[in-house]
Structure formats: structure tokens, C-alpha cells
Amino acid sequence: VARGRLARPGGRLAVGIDLGGTTLNGLLVGEDGGLLARRRRATPKAEGAEAVLAAVRDMAAELLAEAHALKDSAAGAPALASREIIGLGFGIPGPVDAERGVCLFSPNLGWRDLDVASYFRQAFDLPVCVDNDVRAATLGEAWLGAGRPYRTFICLTVGTGIGAGVMLDGRLWRGPGSCAGEIGHIPIDMRPDAPLCGCGRRGCLEAVASGTAIAREAGMSSAREVADAARRGDAGAIAVLERAAAFLGLGISAAITLYNPEAVVVGGGVAGAWDLIGPVVRRTVEERTFPPNLAGLRGIFPAALGQDAGAVGAASLVLAPGVAQVEGASP
Ligand SMILES: [Zn+2]
């Protein structure tokens, strides 16, 4: 099944919004993969769950207005004027029932059992798709990014937390409970005093290798600051990053052994320090992975879409259903 760009000028349009715990990132996306407009703002998390929902609605309205402006300005060009706005897609941090479009739980946004799809369907009278943010980023990388050449790959997002999306033979595997790919909660540090994870367990991969863990271990305010210090030659910062990268390599090694992917794609804020962590991740995977599984692996790559992966993937939920088909959901 061919996937990827459909080079049809004047094709369909969709809005994709990635609802991060820190930033809302919205894009107007064409079915040819063109990014036609963007909006970005801080998530008004402190103002409560309703305020976040309202901010997302406003952002979607602005992007839809841009889409209509594009159509109007192209009135003399039938191919552009015929562009059709076919829907909105949303990526949400936390488990999502993608079939119903319901956010099951999002500690980051303060949402629980929230029917996101119905809310936006009523607001805009357009089709709406909702999925988990990391799964959306995986679909974005599958459609237009580093995952394009592969039918089976794993996409990790390493930022405030760690998550993954699993593409199996061209389909995103969500799992019957919508929790497939929660690689951040693989137990990896078995010391009794291992760092506490946000999930309540100790020693999860996320507790030792996320941006949050890197900043905490280095006694700095962000992983970016640690990376900057490492690039200036700060030995302490380098040691913290290399240790986190080694843990990340162990988690990736477990995933490779389990799924036998052709590639692993690493995105998220921490992937911005790929020059520092990439070599350690690759070396750890080479040293620790069951050799027959390594033989099928074409590589471990940084994500190609950067911060846009989630919003592109959210738009692909409506624009490229072949890529985004709900798989592993309960019948
Ligand atoms: Zn955990």
C-alpha cells in the first residue's frame, strides 16, 4: 500500500493540533504534505482544563479562518479554490480512546474521560479525530518524516516524559487498552532508591532518561541547559547526558528485541541533543541487543519533523487514513 504524499494540487486540507503540556502547536496541512499556516502558544495549564480547551478551540478557529482565506484568495485559480477543509485532528498527552475520540486521562492537561471529539465536532461541524500525542507524532514521522521508508518502526519521543509509537507493517499499533508503546514505564533501574516516576513506580526509563530526569540529575533547570553545558565541555553535564543516553539505549534495545523493527526514530526535545546522546544510544544498542534482532535494524535516526511531528500526525488522522487507520482497538 502506497503511503505518503499525494501530489494533487488543490487537494484537501486539515487542521492538526498537538496539545503539549507546555505548548500548543497547530498547523494547517494539505494532503500533499504542505504546511500552509501555523499557530503556537503556551498551554494555559494553570488556568484550568476549560481554559486549555478554549485556547485549543480558538487556535483551531484561527487556522480554519486561514484555510478559508487561502480559498478566497485563490478564487481565480480553480485548483486552489476547490480545496476542501475535511476536518480536524488532535494529539493529546495521555491515553486516548482513538475510536471514540475520548481522552481517558491527561495529568498534563487536567483532563479525565473528556469527550474531545464531540466538543470540537459541535464547535466546528467538521469531522474530528483524536489520538495520543506520541502516537500522533509517530504517524507524522510515518507520513512525512524519518519513518517514511519503513513499514515497521518505533518512534520514541523523549522530552518531559518518554513515550513511543509502534508502527507494525504499516499500521499504528495502539493496543486494546490504547496503551501500547508506553516505553517510558519500562522498569530499568532496579535499585531500591531508584528515582520515582510520575506513574508512582520507581526506576522507570522515564525517571532516569527523560528531559526532566536529565535536568534533575545535573541540578539544572532544563535538559537544553544541560546540553549547552555539555557542548561547552562541562564534564558533569556530559556524564549526566551519557548516563541518560545509555539508559535510553537499553530501553530501545528492549523494544528492538520485542518488535524486530527496521528502524528506530527518536524525537522530542531531548532529540535536540542528538549530537551528544546519539552515539551513546547507538553504541549501547549495538552492545546490548540480541544479535539476530540487530541484523534486521537499518538504523536509529533522529526524527525529521522536529516539533511539528505531533501536529502533522494529528492532521494525518483525517488526511491520510491509510497511515492512521485505527488498529488494535476493541471492535
Ligand atoms: Zn513510570
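First listed ligand is number 1; within each ligand, the first listed atom is number 1.
Using a 4.0 Å cut-off between charged nitrogen and carboxylate oxygen, Arg298 and Glu262 count as a salt-bridge pair.
The set of protein atoms (N, O or S) found at less than 2.8 Å from the Zn ion (ligand 1) reads His185 ND1, Cys197 SG, Cys199 SG, Cys204 SG, by chain and number.
Among residue pairs with one or both ends in residues 118-139, those qualifying as ring pair (Phe, Tyr, Trp, His ring centres under 6.0 Å) are Phe90-Phe120; sequence neighbours excluded.
Heavy atoms from other residues, nucleotides or ligands lying under 6.0 Å from CG of Asp193 number more than 12. Within a 6.0 Å sphere centred on CZ of Arg201, heavy atoms belonging to other residues, nucleotides or ligands number 12 at most.
Across Val280, Val226, Val270, a single residue satisfies side-chain contact (heavy atoms from CB on, under 4.5 Å) together with Leu241, and that is Val226.
Note on Val312 and Val134: separate hydrophobic clusters, where clusters join Ile, Leu, Val, Met, Phe, Trp and Tyr whose side-chain heavy atoms are under 4.5 Å apart, directly or indirectly.
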